[in-house]
2 protein chains.
Amino acid sequence: MELARAGGPDAVVLREATRIVGVVPNAAYRHFADRDELLAEVCTAAMHELADRMAAGIARVRGKRGNPAAAQRRLGAIGAAYLEFARAEPGLFATAFAVPRQHEYAARDTTDRTPLGLLCAALDELVEAGVLDPQRREGIEYPIWSLVHGTAVLTGRGPLRDASDAELRRIEARTLTFIAAGLA
Amino acid sequence: MELARAGGPDAVVLREATRIVGVVPNAAYRHFADRDELLAEVCTAAMHELADRMAAGIARVRGKRGNPAAAQRRLGAIGAAYLEFARAEPGLFATAFAVPRQHEYAARDTTDRTPLGLLCAALDELVEAGVLDPQRREGIEYPIWSLVHGTAVLTGRGPLRDASDAELRRIEARTLTFIAAGLA
DNA sequence: ATATCTAGTGGACAGTGTCCACATTGTTAT
DNA sequence: ATAACAATGTGGACACTGTCCACTAGATAT
C-alpha cells in the first residue's frame with residue numbers, strides 16, 4: 001500500500017516490498033503465488049479505501065433517510081468524495097483500478113464496501129424519496145459512475161492533467177450538474 | 001505500436017522493439033533519450049489512431065453540415081467510434097492515455113486530429129444546427145468526453161470488464177442516451 | 001582528403017521476477 | 001517426550017530489463 005500510494009500500480013514491486021518488511025525477496029512467495037497476486041491484493045485494499053472515503057463523505061451529510069434534499073446531497077457527496085480521493089491519492093486511485101488480468105474484481109458486487117454498491121444505495125434512496133422516477137432508475141448507475149470516473153481519469157493521469165486548479169474546479173462542477181441533468 | 005497493440009503500454013519494452021527492428025538494444029538510444037520517450041511517441045501515435053477512427057466514423061454519416069438530424073448522428077458516431085476502438089484495440093486505447101509523467105499530451109489542443117477537437121467540432125455543429133442551446137454549449141465537451149471515456153475504461157480494463165456482451169451493449173446504449181439527456 | 005556526424009556494436013552494471021534446495025521454527029500426533 | 005509436519009525464511013542462481021561507456025563503419029561536408 002505504501003508503494004502504491006507513492007507511485008501507483010507499477011511502483012508496487014515485490015523486492016521493494018520485502019525490503020520494507022525486512023525479509024528476503026523469496027519470503028514473499030510463501031504468501032503470494034507471484035507478483036500479480038500481491039498486486040491484486042493491494043488493488044482490492046485500495047478499492048476498499050476508496051469505498052471507505054465515499055462512505056465517510058455520505059455519513060457527513062445530515063438528514064433523515066428518505067428526505068429528498070438530503071438524498072440529493074448524499075449523492076453529491078459520493079461524487080465529490082470519489083473525485084477528491086482521485087486527486088488526493090492518485091497512486092492508490094490508479095492502483096484500485098489496475099487489477100491484473102486473471103484476478104477477480106472485488107468491486108463488482110453490490111456490497112456496501114464497494115463504490116458501485118454505495119452509488120446504488122444512494123440512487124435507491126433517491127427513488128424512495130420520490131426525486132428519481134423508478135423508470136429512470138434502472139441501470140442509471142453505470143453512466144453516472146462512468147461520468148465521475150472518466151472525469152477523475154482524464155483530469156488525473158489523462159490529457160487534462162495539466163489544467164489549472166480553477167479549470168479543474170469548473171470541470172468538476174460541470175460534471176456534477178451534468179449528472180443532475182441526466183436525473184431530471 | 002505492434003507491442004502496444006498486443007499488450008498495452010507495459011508491453012512496449014525497449015529491447016523487444018529493437019529486436020523487432022533487428023538492431024542491438026543500444027541503437028534505440030540514437031533515436032530516443034530513454035524508454036519513456038519511446039513510449040511517449042507510441043502514445044501519441046495511438047492517440048492519433050483513435051482520432052482517425054473517430055474521424056472515419058464521422059465521415060460515414062451522410063447529411064449536410066448544419067442539418068439537425070445529421071449533426072446529432074455525427075455526435076453519436078463519435079461516441080460509438082470511441083467505444084468501439086476501446087473494445088477492438090484495448091492495447092492501443094490504454095496506451096493512448098498512458099503518456100509518461102513529464103511528457104506532453106498531444107491530445108489537449110483542439111486540432112482536428114485529436115478526440116477533443118473532433119468532439120468540439122461536432123458540438124459546434126449542433127449549436128449551428130440549432131439543436132443545442134449556445135448557453136449550454138460552453139464547456140460541455142468535458143462531461144461528455146468523461147462519460148464516454150469512463151464507460152470505455154470501466155468496461156474495458158475496469159471492474160465491468162467481465163460483463164456479458166448483452167450487458168455491455170445495454171450499458172453503452174444507456175451512456176449515449178444519458179448524453180442526449182444532458183444536452184436537452 | 002580529411003574531419004565530422006550518424007547509426008550501430010560490444011560489453012558491462014544494477015535492478016527485477018522467479019525458481020531451486022535448504023534451514024529454522026512452532027505445532028500437532030503419537 | 002519425541003517424531004512428523006507445516007509454515008516461514010534464507011542463500012544462490014537465472015533470464016530479463018533499462019541504461020551507461022567506449023568504440024567503429026559508413027555517409028557527408030569542407
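Throughout, a chain's letter reflects where its sequence line sits, starting with A, and its residues are numbered from 1.
Here B/Arg5 pairs with B/Glu49 in a salt bridge; the nearest charged N to carboxylate O distance falls below 4.0 Å. The pair A/Asp36-A/Arg101 does not meet the salt-bridge criterion, since no charged nitrogen lies less than 4.0 angstrom from a carboxylate oxygen. Comment: B/Arg19 engages B/Glu16 in a salt bridge, judged by a side-chain N to carboxylate O separation of less than 4.0 angstrom.
Between B/Asp10 atom CG and C/dT16 atom C1' there is a gap of 14 Å when expressed in whole angstrom units. To the nearest angstrom, P of C/dT6 lies 16 Å from CZ of B/Phe32. Protein atom CD of B/Glu16 is 14 Å distant from nucleotide atom C1' of D/dA15, rounded to whole Å. Taking atom CZ on A/Arg19 and atom P on D/dT10, their separation rounds to 14 Å, with Å as the unit. Rounded to whole Å, the distance from CG on A/Asp36 to C1' on C/dT18 is 12 Å. Atom C1' of nucleotide C/dG17 and atom CD of A/Glu37 are separated by 14 Å, given to the nearest angstrom. Rounding to whole angstrom units, CG of residue A/Leu39 and C1' of C/dT18 are separated by 16 Å.
Taking only side-chain nitrogens and oxygens, B/His31 comes nearer than 4.0 Å to OP1 or OP2 of C/dG8. Between C/dT18 and A/Tyr29, a contact under 4.0 Å exists linking OP1 or OP2 to a side-chain N or O.
A/Val24 comes within 4.0 angstrom of a nucleotide base, judged by non-hydrogen atoms across all strands.
If you look at A/Tyr82 and A/Phe93, their ring centroids are closer than 6.0 Å.
For a distance-only test at 3.5 Å, the side chain of A/Arg35 fails to qualify as a donor-acceptor partner of the base of C/dG17. Judged by atom type and distance alone, B/Asn26 does not reach the base of D/dG18 through any side-chain donor-acceptor pair under 3.5 Å.
Annotation: of the two residues near DNA chain D, A/Arg30 and A/Arg15, the 5′-most nearest-nucleotide partner is A/Arg30.
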